[in-house]
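Everything below concerns the one structure shown next.
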Amino acid sequence: MSGSLLYLSGVTKSFDGFAAINGLSLVIMPGELRAVIGPNGAGKTTMMDIITGKTHPDRGQVFWKEKVDLSRIDEVAAARLGIGRKFQKPTVIDSLTVAENLELALKGQRGLTARLFGRSSRTMHADIMQIADRIGLAASRNDLAGTLSHGQKQWLEIGMLLAQDPDLMLVDEPAAGMTDEETMRTAELLRSIAGHRAVIVVEHDMDFVRALGCKVTVLHQGRVLAEGPLDFVSANPEVIEVYLGR
Amino acid sequence: MKRRQFLKGSVAASAFLAAPALVRAQTAPIKVGILHSLSGTMAISETTLKDVMLMLIEQQNRAGGLLGRPLEAVVVDPASDWPLFAEKARELIEKDQVAAVFGCWTSVSRKSVLPVFKELNNLLFYPVQYEGEESERNVFYTGAAPNQQAIPAVDYLMSEDGGGVERWVLAGTDYVYPRTTNKILEAYLKSRGVAPEDIMINYTPFGHSDWQTIVSDIKAFGSAGKKTAVVSTINGDANVPFYKELANQGISAEDIPVVAFSVGEEELAGLDTAPLVGHLAAWNYFMSVDTPENADFIAKWHAFIGDESRVTNDPMEAHYIGFNMWVKAVEKAGTTDPDAVIDAIVGVSVPNLTGGFSTMMPNRHITKPVLVGEIQENGQFSVVWETPGLVVGDAWSDYLPDSAKLISDWRAPMSCGNFNVELGRCGGA
Amino acid sequence: MARLIDRRMGVFLAGLFILTVALPMASSAAAGQLVPAYLVSLVGKYLCYALLAVALDLVWGFCGILSLGHGAFFALGGYAMGMYLMRQIGPRGVYGDPVLPDFMVFLNWQELPWFWLGFDRFWFAALMVMAAPGLLAFVFGWFAFRSRVSGVYLSIITQAMTYALMLAFFRNEMGFGGNNGLTDFKDILGLDLTAASTRTGLFVASAVALAGGLMIARWITASRLGRVLVAIRDAEERTRFLGYRVEHYKLFVFTVSAAMAGVAGALYVPQVGIINPGEFSPANSIEIVIWVALGGRGTLIGAALGAFLVTLAKTVLTGWLPELWLFALGGLFIMVTLWLPGGVLGAIETGLTRLRAFASMRTKEIET
Amino acid sequence: MKIVLCLPFRPYLAALLMALLVVLPAAGRTAGFEELVERLPHGSYADRAKVIDAISRTGDPRAAEVLNALLEGRLHARKDDGRIVILVDSAGGATAIDALSGENLGGVLAGSTEKIKTNNRLRGMLRTAIGALSLMSPDRETRLMAAQSVFASGDPANIEALDAALAAESDRQVATALAEARAVAILDTDAPVEEKRAAVAILRARGDAAAQAALAPHASDPAIGNEVREALSRIEQAQRVWAIAQNVWYGLSLGSVLMLAAIGLAITFGVMGVINMAHGELVMLGAYTTFAVQEAIRGAAPWLFDWSLLIAAPLAVLVAGSVGIAIERGIVRHLYGRPLETLLATWGVSLILQQAVRTIFGPNNREVGNPSWMSGAFEIGQMTVTWSRLWILIFALAVFFALLLVLRRSFFGLQMRAVTQNRPMAAEMGIDTGRIDALTFGLGAGIAGLAGVALSQIDNVSPNLGQSYIVDSFMVVVFGGAGNLWGAFAGAFGLGITNKLLEPWTGAVLGKILMLVFIILFIQKRPRGLFALRGRAAEA
């Protein structure tokens with residue numbers, strides 16, 4: 001597909017004979033918001049591992065912006081290409097402050113000497129403030145990340161992704177452990193991000209997926225089972241059987 | 001706040017480390033340092049030497065002390081840590097102001113403390129057999145030099161009585177004592193007409209515990225049709241599994257005798273000796289030696305330690321000799337001043353436990369008889385051979401080319417431990 | 001620069017400075033030897049250990065690399081210095097050989113092995129003091145970090161490394177003096193090692209090295225690179241997904257730390273007068289970890305303090321309770337872990353905070 | 001072999017003496033015999049050797065008994081009258097029997113007699129002499145051993161006796177041994193070349209190191225040199241093949257020791273994630289338990305000695321296990337989630353345990369004996385297998401599979417896996433996680449204790465015992481992959497065999513260094529050990 005941001009075709013990956021991903025194909029366009037759902041073991045995490053270069057597929061094609069073969073690079077290179085990833089368990093640097101966490105994620109200056117001798121510039125401060133504000137943590141920007149609540153950590157991690165200024169964000173279960181109100185705020189945040197950047201959200205919470213209001217891909221046994229608007233896929237009898245019907 | 005705390009700490013520490021030097025009254029005790037490891041890998045051998053020193057000091061005090069003053073033992077634990085030996089030696093001399101130190105077991109611990117004794121001019125009595133190649137003004141070597149142990153033992157095995165050995169395995173732990181001793185023995189054996197292919201040299205790491213391969217190698221080497229013997233310089237800890245493996249693989253002393261230089265009564269105490277009967281050791285003393293002095297020493301030792309099953313061994317005798325030499329030298333000099341004692345001690349002669357007298361020679365080594373004993377079922381040695389007279393410890397071996405040029409005599413006018421007869425001058429000290 | 005020296009560091013450096021000035025003065029003959037002269041070398045030795053602990057804290061406390069082989073870098077630095085000191089003996093050895101050290105002479109070595117060449121020059125030895133451990137750390141780290149060996153697996157292979165080096169250095173064929181190591185040193189840069197002035201010089205050098213090591217470690221950890229290190233320690237995966245080449249950072253800090261440990265070893269050797277393969281023993285490296293844990297991991301100063309305290313306790317207890325000191329030391333380790341989770345430094349600071357809170361409460365009470 | 005040799009003699013002594021009367025018809029010079037025996041205590045070893053030789057030639061029926069007593073160190077001279085007596089153990093001390101008259105002289109006081117000393121050379125002579133005198137013994141075992149000691153001496157003087165014995169021998173094995181003994185002797189005589197060639201063939205068929213030793217001196221014999229050299233090269237070839245088998249066996253044996261030492265750690269460290277630096281000391285406690293049990297048995301019930309290890313094993317589990325539980329409850333429990341601090345605390349525990357043992361049992365090695373069923377060795381072809389090593393291998397495997405069974409099949413194993421995999425869930429399901437932690441740690445510690453029982457058979461029992469195994473144990477667990485018992489199994493045997501195959505051509509020191517380098521490189525290839533869990537489970 002021309003102009004695609006991310007292109008997966010016939011991707012297969014096995015662990016010790018078990019096919020975690022089996023002939024998966026997926027296309028993401030720039031700025032698109034996409035939800036991926038599927039039961040446990042459907043291959044969601046492995047899919048994200050492949051996109052971010054953490055594991056490499058046994059077979060199949062993975063292309064970034066139609067040029068870069070993602071099956072040949074590692075996660076660091078993937079991150080530098082502009083692929084950001086949020087983990088299922090919120091992972092922030094507990095012993096650094098919110099601002100420091102964001103600074104760490106800010107685009108540019110990944111090299112050793114630059115980090116050792118470089119100093120923070122004024123624009124960086126401004127960027128950090130702006131992101132902190134956007135994720136609602138401006139007030140606690142000087143608090144240690146370890147002292148934040150679970151939901152705040154989720155936001156901080158999303159904020160760190162934003163700071164990376166990626167073209168694609170992979171967000172794994174952002175609403176886990178959040179209150180209803182927080183969940184809705186998160187959905188809103190992700191909706192606002194999409195457009196500038198593509199976002200893939202992996203989620204279990206159907207209310208949350210509904211709130212995202214985007215195209216949904218259902219994974220099952222390492223393949224795409226159905227794709228389309230939520231109402232469309234949830235009407236699919238196969239989907240009902242393997243996932244919703246449980 | 002923190003600084004104060006920090007400073008307080010260091011002041012307290014220095015006060016602790018540095019007891020004020022008291023003005024010594026005539027009756028103030030004479031302090032004797034005991035520098036043996038009481039923990040760590042060497043505790044196994046050295047703890048006994050600490051005990052024997054305490055016993056000797058106690059006896060001396062009961063006999064009225066020295067120069068009318070009581071003796072006081074200062075015990076420290078260098079914990080088998082070589083740099084700590086140097087630190088503790090310094091502490092004994094500078095802080096405790098000891099008159100002499102008895103201690104060390106391994107060569108490396110002696111090497112570690114040597115500069116301290118030279119710098120602070122004190123006396124060290126070193127009671128263990130060692131590789132030689134050293135003669136220092138402040139150190140008195142009361143254990144055997146290689147010519148007082150290794151060479152006589154090999155002579156015995158070569159003799160008809162010893163079985164007329166023609167083929168030799170030199171097995172040792174990989175450190176300086178076995179290396180040097182084996183170098184000396186190799187040169188000596190070759191000088192006695194042994195072909196190079198009849199000598200096998202093998203080294204193992206410290207604490208080696210899996211001897212299967214080496215014992216079977218020895219067995220194979222011994223099956224060349226010539227009488228074969230093993231000369232073992234295997235270090236303390238590794239001996240038990242070595243002998244267990246020998247016994248289990250059925251190598252008896254009649255097939256391939258093993259003569260060891262580091263296995264004494266103390267090491268055998270950890271072993272069932274029934275399968276080892278006939279293997280040999282060469283020392284200057286065995287507990288089984290039947291003399292009144294030895295019987296008396298053993299009785300006192302048992303009384304002191306409160307355990308009839310404890311054995312005595314060669315390094316204990318070395319301390320016995322060394323301590324008595326020091327006492328005699330102090331009496332002769334009339335003072336514990338190191339310089340005076342160092343001058344007085346050369347030529348001092350004291351009874352050893354094997355029925356003779358040992359004398360401190362000008363090269364800091366002493367005269368000793370050399371005994372070869374066979375292991376008995378009861379864990380003792382039975383003496384099967386001894387040198388007809390006393391052997392003078394040789395600091396510099398005649399069988400190492402560079403060492404053969406050196407002689408040692410600490411008396412004036414030479415006053416040096418390494419006079420090079422070729423160059424006609426002393427080496428560095 | 002202001003950020004480099006915080007209150008804690010300031011207090012510590014000031015204390016160190018006072019110690020450096022006061023101890024040699026107090027022990028000098030002019031001051032009537034208020035404290036015995038041997039304390040200078042003894043404390044100098046502690047300072048070297050403290051620097052070693054700081055080096056370990058840099059990798060363990062700030063980057064989460066638990067090295068159980070840091071003793072190897074310390075020992076390599078020590079050997080580099082020892083080789084220089086051996087060459088300084090020159091023809092003053094007992095056999096009078098102009099080039100070969102004594103241990104080579106009596107084991108019939110004919111010529112100096114190639115790796116001993118150059119060590120007769122101080123600058124070369126000084127370079128090797130840092131280069132040898134640094135290079136080992138670089139090569140070892142390059143393999144290990146690239147393969148993403150981490151956690152206990154990394155710890156155990158660092159232990160394997162130091163164990164293998166210990167066995168290698170024990171071998172007499174290696175040409176490093178085997179078990180006896182290098183000893184019988186005479187002078188350094190032409191100065192007599194037994195002279196009080198040389199001792200003081202080495203002591204001051206150790207103090208300066210410790211202060212310098214602390215500053216470098218502080219500079220690294222307080223820089224923006226330091227944040228990456230902390231991020232690697234807390235969440236390595238996260239850091240990688242942020243686009244940081246984790247292995248480069250680990251390699252950098254590991255190499256710097258190894259070179260620092262090498263300097264500590266180099267200053268240690270002339271003060272204790274011997275270097276031997278025992279320094280490579282795995283138990284020694286574990287002891288370094290214990291200093292850091294006891295003092296307070298990730299605080300730099302705590303590490304230095306821990307090294308100081310444990311070695312001081314060892315000195316005092318081995319003389320005072322020769323038969324029981326292991327009980328005391330073992331008990332100390334257990335109690336610190338159980339009751340002082342933040343290490344000694346953590347405990348001191350908590351204590352101070354409480355004291356201050358208590359004091360301010362009292363003041364308030366009085367006011368009301 | 002040599003130990004047992006002495007034992008079967010006495011019961012058959014009477015028969016033996018009768019046999020001697022038949023073999024040696026010249027048994028008339030008894031006057032000489034008495035004089036010779038009286039001469040035994042005097043002179044040098046060389047003099048004594050001559051006397052022994054003469055005694056064995058007297059053909060006196062008493063010779064065998066006297067020589068045997070001399071060999072066993074029971075021949076003494078009375079200090080007061082110089083009478084030569086044989087000491088016999090009896091209730092309440094030793095009884096003296098006059099060596100010449102056989103008269104019972106009653107009990108003797110210790111120190112009233114003096115042992116007639118022998119040395120290796122004399123003992124060798126004695127064995128040959130006794131062997132030659134007992135070639136016709138009615139007891140098969142005695143004859144076999146006699147033939148073997150005559151073989152070892154290779155003395156041509158025995159050929160006549162061997163021929164007589166061969167003619168009378170009906171047992172095939174003994175006959176072979178006699179023929180071999182004769183072959184060795186023949187090589188040293190002026191026998192015709194044909195006969196010597198036959199002898200070489202016999203020895204070549206025997207094919208072991210002893211045959212090699214017998215043949216080697218004749219390799220340059222002008223008459224039979226070619227045959228001897230060919231036989232030697234054949235034997236050497238065969239032995240090279242056997243040597244590989246032998247090295248594999250050594251590797252298995254080393255592997256079993258490594259596994260025993262590491263298997264407890266595979267539980268405490270591998271499964272629970274506790275870096276237990278006191279593991280080695282728990283092994284040491286097991287070894288000291290064995291020592292204490294043997295000591296008690298020596299004092300109270302010596303006949304139980306062969307059972308001592310079986311008694312010690314459960315006690316060692318109990319001792320080490322309860323110390324382990326105490327460590328867990330007292331210290332480790334408070335440190336879960338802080339694995340590195342367990343390192344610090346358990347290091348402290350190890351120092352305390354070491355010093356405690358040093359204080360209680362002393363710093364020296366203590367003697368732990370091998371029960372008879374663990375002493376000695378047997379041969380498979382040209383390969384020597386020592387009983388102690390074989391039993392340790394069997395023991396190690398038994399412990400391993402028993403442990404596997406406990407973890408896989410028992411309810412406790414189920415609970416343990418539940419706790420290690422998902423602690424909150426397990427607690428939710430009503431499992432007392434604290435109890436399971438304590439028991440798991442105790443299990444690991446108890447197995448360390450068992451390892452101590454086995455190690456006491458081949459290594460030092462000293463306070464340093466634990467320290468010498470701790471590093472190797474960690475290597476094994478990590479090499480195999482923490483958290484997997486099969487990993488420890490494969491790690492131990494893999495490292496053991498590799499080490500032993502390396503050792504013959506690198507030497508022990510370099511072999512060990514290469515092993516360590518190998519581990520370091522291997523971990524690069526598989527950063528989570530040999531048996532790492534792969535895929536997603538590994539990230540969990």
Side-chain angles (χ1 to χ4, degrees), chain B residues 1-3 5-7 9-10 13-14 16-18 38-39 50 75-79 81-84 86-88 90-91 94-95 106-108 111-112 114-116 118-119 131 133-135 174-176 179-180 183 203 205-206 397 400-403 405-406 417-418 420 423 425 427-429, chain C residues 8 11-12 14-15 18-19 23 26 35-39 41-43 45 89-97 102-103 105-108 167 170-172 177-181 183-186 193-194 268 272-274 276 278-279 305 309 312 314-316 318-320 322-323 325-326 348 352:
Chain B
M1 200 66 157
K2 200 144 31 114
R3 180 180 59 227
Q5 208 144 3
F6 180 77
L7 280 181
S10 55
S14 31
F16 194 90
L17 293 171
L38 310 178
S39 59
K50 176 216 62 177
V75 179
V76 292
D77 178 15
D81 174 348
W82 318 135
L84 196 58
E87 184 189 314
K88 290 284 140 190
R90 203 169 269 280
E91 187 184 316
E94 284 201 22
K95 181 192 134 198
T106 59
S107 276
V108 54
K111 293 270 184 208
S112 172
L114 193 62
V116 178
K118 279 203 273 191
E119 180 195 336
E131 65 274 10
E133 303 306 305
E134 196 181 291
S135 175
D174 192 0
Y175 71 108
V176 175
R179 287 267 172 185
T180 318
K183 273 263 185 298
Y203 291 104
F206 274 95
S397 174
L400 297 175
D402 287 284
S403 171
K405 300 172 206 159
L406 302 184
N418 48 22
N420 190 318
L423 303 176
R425 59 175 167 80
Chain C
R8 209 150 69 168
V11 172
F12 186 86
I18 291 169
L19 182 73
L23 189 63
V35 295
Y38 78 96
L39 269 187
S41 284
L42 192 59
V43 178
K45 184 173 122 175
I89 297 172
R92 288 170 294 169
V94 290
Y95 302 101
D97 192 296
D102 287 341
F103 72 87
V105 176
F106 70 75
L107 291 176
N108 295 348
L167 293 173
F170 265 132
R171 282 163 52 88
N172 280 276
N179 176 51
N180 279 7
T183 171
D184 214 10
F185 309 133
K186 301 207 186 313
L193 271 173
T194 55
Y268 168 86
V272 301
I274 185 168
N276 78 89
E279 300 293 343
L305 217 54
L309 284 178
L312 178 70
K314 211 166 159 181
T315 299
V316 173
T318 47
W320 183 37
E323 322 241 2
W325 70 277
L326 277 177
I348 292 175
L352 286 181

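From a predicted model like this one, the values you see are computed outputs, not experimental measurements. Chain naming here is simple, since letters A, B, ... match the order of the sequence lines and numbering starts at 1 in each.
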Audit row: C/Leu193, B/Glu119, side chain to side chain contact (heavy atoms under 4.5 Å, CB included) steps and yes/no: CA-CA 10 Å; C/Leu193 271 173; B/Glu119 180 195 336; over 6 Å; no
C/Thr318 to B/Lys88 - nearest heavy-atom pair and separation: OG1-NZ, 2.7 Å
C/Trp325 to B/Ala79 - nearest heavy-atom pair and separation: CZ2-CB, 3.5 Å
Results of side chain to side chain contact (heavy atoms under 4.5 Å, CB included) for C/Asn172 - residues two or more places apart only: B/Asp174, B/Val176, B/Arg179, C/Leu107
Top of B/Asn420, B/Leu400, B/Asp81, B/Val75 for chain C proximity - count of heavy-atom pairs under 4.5 angstrom: B/Val75
Under 4.5 Å from any heavy atom of chain B - which part of C/Tyr268: side chain
Residue pair C/Tyr95 / B/Glu133, side-chain heavy-atom distance below 4.5 Å: yes
Contacting region of B/Glu131 [heavy-atom separation from chain C under 4.5 Å]: side chain
Chain C contact via B/Pro205 - side chain, backbone, both or neither, heavy atoms under 4.5 Å: side chain
Closest-packed option against chain B by number of heavy-atom pairs under 4.5 Å, given C/Leu309, C/Asn276, C/Val272, C/Val105: C/Asn276
Non-hydrogen atoms of B/Lys111 and C/Thr183 that approach each other most closely: O-OG1, 3.3 Å
Inter-residue atom distance B/Ser107.OG - C/Asn180.CG, 0.5 Å rounding: 5.5 Å
Taking every non-hydrogen atom, the tightest pair across B/Glu91 and C/Gly319: OE2-CA, 4.0 Å
Residue, of B/Leu406, B/Val116, B/Leu114, that accumulates the most heavy atom pairs under 4.5 Å with chain C: B/Leu406
Non-hydrogen side-chain atoms of C/Asn108 and B/Pro401 separated by less than 4.5 Å: yes
Residues B/Lys50, C/Glu323: salt bridge by 4.0 Å N-O rule: yes
Contact summary for C/Leu326 and B/Ser39, nearest pair of heavy atoms: CD1-CB, 3.6 Å
C/Lys45 side, atom NZ; B/Leu84 side, atom CG - distance, nearest 0.5 Å: 5.5 Å
Results of side chain to side chain contact (heavy atoms under 4.5 Å, CB included) for B/Glu94 - residues two or more places apart only: B/Arg90, B/Leu120, C/Pro36, C/Ala37, C/Tyr38
